[in-house]
Amino acid sequence: MGWAIALHGGAGDIPRDLPPELRELRESCLHRCLGIAIDALNSHKLPLDVVELVRELENDPHFNAGKGSVLTNNGTVEMEACIIDGSTKNCGAVSGLTTVVNAGVETVDSSHFITPQNIERLKQAKAANSVQYDVNQKFKLCLSRLYTAYINIGTVGCVAVDSSGNLAAATSTGGLVNKMVGRIGDNPLVGARTYANKFCAVSCTGKGEEIIRATVARDVAALMEYKGLTLKEATDYVIKESTPKGTTGLIAVSATGEVVTPFNTTGMFRACATQDGKTQIGIW
C-alpha cells in the first residue's frame with residue numbers, strides 16, 4: 001500500500017481538434033500541480049492538506065473555477081466548492097461565492113474572477129438561448145471555434161490517499177455558462193460531486209443535475225462498502241450504468257492506493273500518480 005493522487009480539470013465534449021495552445025496550457029498546469037501534490041505526499045502531509053491544492057487550479061484562468069469561473073445570466077460569478085476528510089467525514093461546502101479567493105478569508109472585487117474568454121462564452125450562450133450543457137444542433141451552429149474550445153470543461157478536483165490509507169477529496173467549480181443567478185449545483189451537495197470515507201475518495205465533473213440524481217460520489221463509496229466491489233468495479237458501474245452517456249467523469253483513489261479516472265464524455269483533463277512512480281496526464 002502506498003500513496004496515490006489524482007487531479008481533474010473538467011470533463012465534457014472536448015474536441016479532438018482542440019488548439020494545441022489551449023490544450024498545453026491546461027496540461028502544463030495539471031503537471032505542475034501534480035508535482036506539488038507528489039512533494040506534499042512524500043513530505044507526509046495529510047491528504048486533507050494535499051487536496052487543498054485545488055487552489056492552484058482555481059488560480060489558473062483556463063479552468064472553470066476561481067479566476068476563470070464561467071458567468072451567470074447576469075454576467076456575474078457564483079462559485080462553489082466542497083472538501084471532505086475521509087477519516088472523520090468532516091466536510092465543508094460553499095455556494096454562491098462572488099468575492100472569496102480559494103474559499104479562504106481573502107476577498108477581492110468580483111471582477112478579479114472574470115476573464116475575456118468567459119465574457120465571450122456568455123455572449124455565445126445567450127445568442128443560442130442555452131446554458132453550457134445544452135449542446136443541441138442549434139447551439140453547435142452558433143458556436144465559434146473559440147467557444148467550442150472552451151465548452152464543457154474546467155471544473156477542478158483532487159483526491160488523495162496517504163501511505164496509511166487516509167483519504168480526502170475536494171472539488172471547485174464556477175458552474176454552467178449562462179446559469180440562472182442563485183443556481184445551486186451538485187458541488188456543494190456532499191455525496192453528489194465530492195465524497196470520501198475509509199474506502200475511497202471521489203471527485204466528479206460533468207453535468208451537475210445528472211450527478212445529483214445519481215449521487216455519483218457517494219454511490220461509488222457505497223458499492224465498495226456494502227457490495228464489496230473494487231474501486232474500478234464501483235466506478236465503472238456508476239459511469240456506465242448510473243449516469244447518461246456524455247455527462248460524467250470522475251477521479252478516485254482507494255485506501256489501498258488504487259487510482260482510477262473513468263468518464264463517459266468525449267474527454268476529461270486529468271493527471272494522477274502513485275508512490276511506485278507511475279504518473280499519467282491525459283485528455284481523451
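Atom set for the values below is all heavy atoms of this structure, side chains included, hydrogens, waters and symmetry mates excluded.
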About how many Å separate NE2 of H62 and CG of L22, when rounded to the nearest 0.5 Å? 7.0 Å
Grouping I, L, V, M, F, W and Y whenever their side-chain heavy atoms are under 4.5 Å apart, do L30 and V54 come out in a common cluster? yes
Tell me whether D162 contacts the main-chain N or O of L46 through its side chain, where contact means a donor paired with an acceptor under 3.5 Å. no
Counterpart residues, side-chain hydrogen bond (donor to acceptor under 3.5 Å, both in side chains), relative to R23 (two or more places apart): none
Can you list the steps and then say if N42 with W3 is a side-chain contact (heavy atoms from CB on, under 4.5 Å)? CA-CA 9 Å; N42 282 330; W3 59 254; 3.1 Å; yes
With a 6.0 Å cut-off (strictly less than), is the heavy-atom count around CD1 of I212, excluding the residue itself, greater than 12? yes
Any non-hydrogen side-chain atom of S28 less than 4.5 Å from a side-chain atom of E24? no
Roughly how far, to the nearest 0.5 Å, is the CD1 atom of I36 from the SG atom of C158? 10.5 Å
Any idea which heavy atoms bring A93 and P188 closest together, and the distance? CB-O, 3.4 Å
State, without any angle test, whether N74 and T72 hold a side-chain donor-acceptor pair at a distance under 3.5 Å. no
Atom NE2 of H112 with >12 non-hydrogen neighbours under 6.0 angstrom: yes
Report the C-alpha distance between K126 and N178 in whole Å, list the side-chain angles of each, state the deciding distance to 0.1 Å, and finish with yes or no for side-chain contact (heavy atoms from CB on, under 4.5 Å). CA-CA 7 Å; K126 283 182 174 292; N178 201 27; 3.7 Å; yes
Charged N to carboxylate O under 4.0 angstrom, K67 versus E58? no
Pairs touching residues 185-197 that satisfy side-chain hydrogen bond (donor to acceptor under 3.5 Å, both in side chains), sequence neighbours left out: T155-R193, T171-T194, D186-R193, Y195-R218
Looking at every heavy atom in both S69 and N118, which two are closest together, and how far apart are they? O-ND2, 3.1 Å
Test salt bridge (charged side-chain N to carboxylate O under 4.0 Å, His left out) on R32 and E56; report intermediate values, then the result. CA-CA 9 Å; R32 180 176 60 82; E56 298 292 334; 3.2 Å; yes
So, using salt bridge (Lys or Arg N to Asp or Glu O under 4.0 Å) as the criterion, who are the partners of E210 when residues are at least two apart? R213
Minimum heavy-atom distance between L57 and C33, given as atom pair plus value: CD2-SG, 3.8 Å
Mind checking the CG-NZ spacing from L167 to K89? Nearest 0.5 Å is all I need. 12.0 Å
Can a donor-acceptor pair be found, under 3.5 Å and without considering hydrogens, that links the side chain of S43 to the backbone of K45? no
Is it the case that E80 and T173 place a side-chain donor and acceptor less than 3.5 Å from each other? no
Candidate pair R183 and E209, rule salt bridge (charged side-chain N to carboxylate O under 4.0 Å, His left out), full reasoning: CA-CA 11 Å; R183 173 188 181 268; E209 285 73 10; 3.0 Å; yes
If hydrophobic clusters are built from ILVMFWY residues whose side chains come within less than 4.5 Å, do F113 and L122 share one? yes
For E78, which residues count as a side-chain hydrogen bond (donor to acceptor under 3.5 Å, both in side chains) partner, sequence neighbours excluded? none
Approximate separation, where rounding is to 0.5 Å, of T98 OG1 and M79 CE: 6.5 Å
Let me check something: do F63 and V159 share a hydrophobic cluster, defined by ILVMFWY side-chain heavy atoms less than 4.5 Å apart, either directly or through other members? no
Under the side-chain contact (heavy atoms from CB on, under 4.5 Å) criterion, do L176 and V70 qualify, and how do the steps go? CA-CA 7 Å; L176 301 178; V70 297; 5.6 Å; no
Test side chain to side chain donor-acceptor pair (under 3.5 Å) on H8 and S203; report intermediate values, then the result. CA-CA 8 Å; H8 72 70; S203 173; 3.0 Å; yes
Single-linkage hydrophobic cluster L97~V77, side-chain heavy atoms < 4.5 angstrom: yes
Within a strict 4.5 Å, meaning less than it, do heavy atoms of the I114 and I119 side chains meet? yes
Suppose clustering is done on Ile, Leu, Val, Met, Phe, Trp and Tyr with side-chain heavy atoms closer than 4.5 Å. Which residues sit in the same group as I211? F199, V202, V216, V220, L223, M224, L229, L231, Y237, V238, I239, L250, V260
CD of Q117 to CG of N64, rounded to nearest 0.5 Å, is 12.5 Å
Keeping the roles fixed (side chain from K245, backbone from K240), state whether a donor-acceptor pair exists under 3.5 Å. no
Sequence neighbours left out, cut at 3.5 Å: what donor-acceptor pairs do the side chains of residues 276-284 make with other protein atoms?
| unit_1 | atom_1 | unit_2 | atom_2 | d |
| --- | --- | --- | --- | --- |
| D276 | OD1 | T274 | OG1 | 2.4 |
| D276 | OD1 | K278 | N | 3.3 |
| W284 | NE1 | I14 | O | 3.1 |

Minimal non-hydrogen separation, A6 against V259, with atom names: CB-CG2, 3.8 Å
Considering all heavy atoms, the nearest N102-N59 contact: ND2-OD1, 3.2 Å
Would you kindly say whether S87 and N166 are connected by a side-chain donor-acceptor distance under 3.5 Å? yes
Walk me through it: do N264 and T247 pass the test side-chain contact (heavy atoms from CB on, under 4.5 Å)? CA-CA 7 Å; N264 61 26; T247 64; 4.1 Å; yes
For the residue pair A271 and L34, what are the closest heavy atoms and their distance? CB-CD2, 4.2 Å
Straight-line distance of M268 CE to T248 OG1, nearest 0.5 Å: 10.5 Å
